Number of protein chains: 2
Amino acid sequence: MTGWEDIRAEVQARIRSGVWPLGSAIPHEEDLARDFGCARATVNRALRALAAQGVLERRRKGGTRVLAVPVRKATVSIPVIRAEVEATGRRYSHQIIWQATGQENTLHLETLHLADDKPYAHEVRVLHLAVLPPLPDLTAISINEWLVTTVSYATGEIAFSAAAADAGQARALWVPTGTPLFVITRETRNAAAQVITKVLLAHAPGYHLRTTM
Amino acid sequence: MTGWEDIRAEVQARIRSGVWPLGSAIPHEEDLARDFGCARATVNRALRALAAQGVLERRRKGGTRVLAVPVRKATVSIPVIRAEVEATGRRYSHQIIWQATGQENTLHLETLHLADDKPYAHEVRVLHLAVLPPLPDLTAISINEWLVTTVSYATGEIAFSAAAADAGQARALWVPTGTPLFVITRETRNAAAQVITKVLLAHAPGYHLRTTM
DNA sequence: GAGTGGTCTAGACCACCAA
DNA sequence: TGGTGGTCTAGACCACTCC
């Protein structure tokens, strides 16, 4: 009857109804546990979930407060491109358009990802070889997929934007220069905060990145 | 010494090193708890976190297995536009460009969001009035912000894409027709799965949606 | 049906940080 | 420095599913 999901819903209801206004502090876990007639751990689970959603802000000693500015948070999946293509029933392939070694032991790679032999996404990547194991044969497995399965879990930043196709992207994706492209840029670092790779991925027109709230 | 984060790291290490190959099943929580010398709840917390990350797949009775295709998951914040603008130190304002009532008790709204009086984003929205409380004065508070603070937590779908500016967007955002725009479309439903609102939000050039992994 | 993850409890200790 | 959230434990019951 009083699962942590129920408590999450009840807390949300109290915020929405104004019992706990935006920006205000809410009672401590122990008080809430007594109110709801459950263990503190159950309250804790509910409040942690709300904090992860962006509804609450929690601080040791500072207590829990309702965020003054509600923020919707959505989780987006960044799949391996091969899986993304095959999920739509198409055949995946990729071509290395160009590669060169750069300064500081880096490898620059320009790759075209295809779905049923039609351009799907154009990728420009810089790899920092010093912080990576020896590379595999990149014609057999895309660098994208190899990194995900090989490198230990890493942190990084992602940015999504729209940009006009430059000459290289236009040629690779069979579109006129200036065509709007959905662009994902990523910078990935290993556990020691060393940059592993930087990527700029431009998707062919029609691409949508979908998620649910 | 053996916190749930340590266990998560250890499980990830075993997956990465091939002890537990992609697609394979891993031991039950109880076994792992004995191995790691901790309570089952601690293992559970770690494995749940990995499942949320997209590393593991868990099913009652079916056990836990390593996903065959690793998926990176990133959480993006969808802020209220006013807060988003003010976070950059600029002054927020908005204008209702056009509105009209449509079929089935709907309200169509075209809004321009501004930062320091320069176009920031162009919004086209359909509201289903039957499932909403009476609307406020929309010149005082943007519909965006009112919905977030008023409507009970809702589910919905979001999609990100790139599109060429149409005539209306171009006029509102002071850009030529055809300019690449970052577009967010949203469909929000209430707890009864009734559609509350649909939005198409086109951002002025230069917009980036950022997040971390 | 039975095995596995999902969750709750009551108690405890700890880490952090605002007062 | 004391209060608050973060976490761990040992045990228990439950719900979902695969067999």
Side-chain angles (χ1 to χ4, degrees), chain A residues 1-15 19-68 71 73 75 153 155, chain B residues 1-15 19-68 70-71 73 75 155:
Chain A
M1 192 70 177
T2 53
W4 69 270
E5 298 251 36
D6 299 308
I7 292 179
R8 170 168 70 176
E10 173 61 21
V11 170
Q12 275 190 332
R14 292 191 186 180
I15 293 170
V19 176
W20 294 330
L22 297 182
S24 69
I26 76 175
H28 316 152
E29 291 187 350
E30 205 165 348
D31 291 345
L32 288 175
R34 223 181 310 106
D35 283 3
F36 291 129
C38 66
R40 181 166 81 93
T42 307
V43 173
N44 180 280
R45 177 94 185 256
L47 297 190
R48 263 192 297 116
L50 286 170
Q53 277 182 32
V55 175
L56 299 177
E57 182 188 31
R58 321 195 69 201
R59 227 173 294 171
R60 282 165 153 131
K61 165 74 178 182
T64 301
R65 51 179 53 249
V66 184
L67 277 183
V71 177
K73 292 193 177 173
T75 302
Y153 217 76
T155 60
Chain B
M1 193 70 176
T2 52
W4 68 271
E5 299 250 35
D6 299 307
I7 292 179
R8 170 168 69 177
E10 173 61 21
V11 171
Q12 276 189 333
R14 292 192 186 180
I15 293 169
V19 177
W20 295 330
L22 296 182
S24 69
I26 75 174
H28 316 152
E29 292 188 350
E30 206 165 347
D31 292 344
L32 288 175
R34 222 181 311 107
D35 282 3
F36 291 129
C38 67
R40 182 167 80 95
T42 307
V43 173
N44 181 280
R45 177 92 185 258
L47 297 189
R48 263 192 297 117
L50 287 170
Q53 275 182 34
V55 175
L56 298 178
E57 182 189 30
R58 321 196 69 199
R59 225 176 295 173
R60 282 165 153 128
K61 166 75 177 183
T64 302
R65 51 180 52 248
V66 183
L67 277 182
V71 176
K73 291 193 179 174
T75 301
T155 60

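Naming convention: chains lettered A, B, ... in sequence-line order (proteins, then strands); numbering from 1 in each chain. In this text, all values refer to a predicted model and were calculated from it rather than measured experimentally.
- Between the CD1 atom of Ile7(A) and the P atom of dC8(C) there is a distance of 7 Å, rounded to whole Å.
- In this structure, Glu30(B) places its CD atom where only 12 or fewer heavy-atom neighbours from other residues, nucleotides or ligands lie under 6.0 Å away.
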List the atom pairs, donor and acceptor, that lie under 3.5 Å between side-chain atoms in residues 33-42 of chain B and the rest of the protein, sequence neighbours left out.
from     : atom 1 : to       : atom 2 : distance (Å)
Arg34(B) : NH2    : Asp31(B) : OD1    : 2.9
Arg40(B) : NH1    : Glu29(B) : OE1    : 2.6

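- The side chain of Glu29(A) approaches dG6(D) more closely than any other nucleotide in the set dT4(C), dT9(C), dG6(D).
- In this model, the phosphate group of dT7(D) is approached by a side-chain N or O of Arg45(B) to a distance below 4.0 Å at OP1 or OP2.
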TODO: Kindly determine whether Leu67(B) and Leu22(B) satisfy side chain to side chain contact (heavy atoms under 4.5 Å, CB included), including the steps that lead there.
DONE: CA-CA 6 Å; Leu67(B) 277 182; Leu22(B) 296 182; over 6 Å; no

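- Considering only the side chain of Trp4(B), dT7(D) comes nearest among dT7(D), dG5(D), dT7(C).
- For Arg14(B), the salt bridge (Lys or Arg N to Asp or Glu O under 4.0 Å) criterion is met by Glu10(B), not counting sequence neighbours.
- Of the candidate nucleotides dT7(D), dG5(C), dC8(C), dC8(C) has the atom nearest to the side chain of Thr42(A).
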TODO: Start with the C-alpha gap between Gln53(B) and Gln12(B), add the side-chain angles, then the distance that decides, and say whether side chain to side chain contact (heavy atoms under 4.5 Å, CB included) holds.
DONE: CA-CA 11 Å; Gln53(B) 275 182 34; Gln12(B) 276 189 333; 3.1 Å; yes

Atom pairs under 3.5 Å: protein N/O with N/O of nucleotides 15-19 of chain C:
from    : atom 1 : to       : atom 2 : distance (Å)
dA15(C) : N3     : Arg60(A) : NE     : 3.3

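- We find that CG of Asn44(B) is positioned 7 Å from C1' of dG5(C), with the value rounded to whole Å.
- Distance CD (Glu5(B)) to P (dC8(D)): 9 Å, rounded to an integer number of Å.
- Contact check of residues 30-40 of chain A against DNA chain D (heavy atom, cut-off under 4.0 Å) returns Arg40(A).
- We find that CZ of Arg65(A) is positioned 15 Å from C1' of dG5(D), with the value rounded to whole Å.
- Nucleotide dA2(C) holds its C1' atom 13 Å from the NE2 atom of His28(B), rounded to whole Å.
- Listed by chain and number, the residues in a salt bridge (Lys or Arg N to Asp or Glu O under 4.0 Å) with Arg48(A) amount to none (sequence neighbours excluded).
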- [ ] Could you give me the CA-CA distance, side-chain angles and deciding distance for Leu50(B) and Val11(B), then say whether side chain to side chain contact (heavy atoms under 4.5 Å, CB included) is met?
- [x] CA-CA 9 Å; Leu50(B) 287 170; Val11(B) 171; 3.5 Å; yes

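- Ala51(A) and Lys73(A) get closest at one heavy-atom pair: O-NZ, 4.4 Å.
- The CG-C1' distance, from Leu47(B) to dC8(D), rounds to 16 Å in whole Å.
- Listed pair Arg58(B) / dT4(C) fails the phosphate criterion, with no side-chain N or O lying under 4.0 Å from OP1 or OP2.
- Residues forming a side-chain contact (heavy atoms from CB on, under 4.5 Å) with Ile26(B) (at least two apart in sequence, or on another chain): Trp20(B), Leu32(B), Leu47(B), Leu56(B), Thr64(B), Val66(B).
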